Protein chains: 2
Amino acid sequence: MRKESRLLIKEIEDNFNSSVGDGSKRKIIENALKVFSKKGLAATRISDIALQAGFSQGFIYNHFKSKDDIFIEIVRLASSGGEYAVKQADKLNLCAADKIFCLTEAMLSEDSLSMEHFRLILLQATTGEAIPEQAIRIAKESAPKPIQALMKIIQEGQVQGDIINDDPIILAIAYFSFIQGLVITKLQTRNKELFPDAEMVLRFMRKKPADESI
Amino acid sequence: MRKESRLLIKEIEDNFNSSVGDGSKRKIIENALKVFSKKGLAATRISDIALQAGFSQGFIYNHFKSKDDIFIEIVRLASSGGEYAVKQADKLNLCAADKIFCLTEAMLSEDSLSMEHFRLILLQATTGEAIPEQAIRIAKESAPKPIQALMKIIQEGQVQGDIINDDPIILAIAYFSFIQGLVITKLQTRNKELFPDAEMVLRFMRKKPADESI
DNA sequence: GTCTATATACCGATAGAC
DNA sequence: GTCTATCGGTATATAGAC
């Protein structure tokens, strides 16, 4: 993995850590994130979260009004995370194609745990119907932002001649769909060897397969 | 869309229709499929299914032992569907790359409704934890089958010189991940114009971008 | 600040009517 | 074959103890 990718991962995790607050509330959110991403909103019990966080069931209600309330808070966090990752990638001192390469390595990395959970939460928030109205609204409103940010990098890459001259929006949508699917697959199989790398992923938008030495 | 893709869609839908049985039980399954794929197992109420199917709540229990029982039945149907689609694509009288092209068009088509729902159900069955043990087992056991079937076509394409000489398993995994992600994106946005086509999707495994006229 | 105990409501499943 | 009524279990959220 490139050193810039590692930097990116660290920045993403740091951003998560600083967004999530402190004290008991932080503990609740961190653990709720894990449980929600595994079981989904409807199937997780407040007692699951409490147990995982090391508190009693009733204690959760000192910090949150309801289960939905916790979920909405997490969706809010997750919604800002995606855009942040792309923006940080854009700040790297690399050509556009390499910025996207590092973003991809970061997003597919085993170490981007918060990223992985976030994508699952947003998945639930946008595909499910048994989700608080407010969570759906937040997720839908923020969905275009990472796409917009990536579009900008893609256009830069098209000018530089590394990226295919298709509609940048469609390329960006294809990109995040691919990443989404890969994260899900990784979660399902937990097989680290038989897994596509960033090089393969980016081939669908690269003009020349660059140099086929992997 | 190619005519072979339309044929494929028809075969997939027919296969679904003939697998699902008849009478009231069929009505329950068809409607449970819709509700489950939207809300997830935990969040759907038996009454949701009953309402959607036009029956009373208690009537469901004349045909199924429990809510889990319905879900397991659907997972069973979904599990056979994916492999069937790939096998049918393989029977098309085309070169390997074109078989995969048609498979892709079929899977991304608006008309492959059963396919879309199936993927969502399998997604739940493999990523969720609050899922009946039997459903997880069925889903996990069947997961490698479409991959195996696609691998065979990919290898054929590599011999024919149309597909990149990467590990066929990894290419197949990447392919289904991509499709999975795209189906989810399509469901989230419902925007038919700004959407990648089969040509773009397949670029990551094509040796030559063939002829770049789209 | 944290836990225990409880009320309130809801849902899955059953039993029995038509 | 289909529906209505109901029981029992379980989870959320509250209230009050320590």
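Lettering of chains follows the sequences in order, A, B, ..., and the numbering in each one begins at 1. Source: prediction; values computed, not measured.
Under 4.0 Å is where a charged nitrogen must lie from a carboxylate oxygen, and between A:Glu156 and A:Lys152 no such pair does. A salt bridge does not link A:Lys65 to A:Glu73: none of the charged side-chain nitrogens sits closer than 4.0 Å to a carboxylate oxygen.
Here the P atom of nucleotide D:dA13 and the CZ atom of A:Phe64 are 13 Å apart, to the nearest Å. With rounding to whole Å, B:Lys27 atom NZ is found 9 Å from D:dT2 atom P. In this structure, the CD1 atom of B:Ile28 is 12 Å from the P atom of D:dG1, given to the nearest Å. Residue A:Gln57 contributes atom CD, which lies 11 Å from atom C1' of C:dT4 at whole-angstrom precision. In this structure, B:Lys67 places its NZ atom 17 Å from C1' of C:dT14, rounding to the nearest Å. At whole-Å resolution of the value, NE2 in A:His63 and C1' in D:dA13 are 16 Å apart. The CD1 atom of B:Ile46 sits 17 Å away from the C1' atom of D:dG8 (whole-angstrom rounding). Spacing between atom CG of B:Asn62 and atom C1' of C:dG12 amounts to 15 Å, rounded to whole angstrom units.
Remark: A:Tyr61 is not in phosphate contact with D:dT14, judged by side-chain N or O atoms under 4.0 Å from OP1 or OP2. For C:dC10, neither phosphate oxygen OP1 nor OP2 lies less than 4.0 angstrom from any side-chain nitrogen or oxygen of B:Arg45. Close to C:dT2, at under 4.0 Å from its OP1 or OP2, lies a side-chain N or O of A:Ser24.
Looking at every heavy atom in both residues, A:Gln180 comes nearest to A:Leu123 through NE2-CD1, 4.0 Å.
Listed nucleotides D:dT4, D:dA13, C:dG12 differ in distance to B:Ser56; the shortest reach to its side chain belongs to D:dT4. The side chain of B:Phe59 lies closest to D:dC3, out of D:dC3, D:dT12, C:dT2. When distances run from any side-chain atom of A:Phe55 to the nucleotides D:dA13, C:dA13, C:dC3, the shortest one goes to C:dC3.
Cation-pi check for A:Lys145 over A:Tyr84 is not met; the charged atom does not lie both under 6.0 angstrom from the ring centroid and within 45 degrees of its normal.
At least one donor-acceptor pair under 3.5 Å links the side chain of A:Arg26 to the backbone N or O of A:Asn17.
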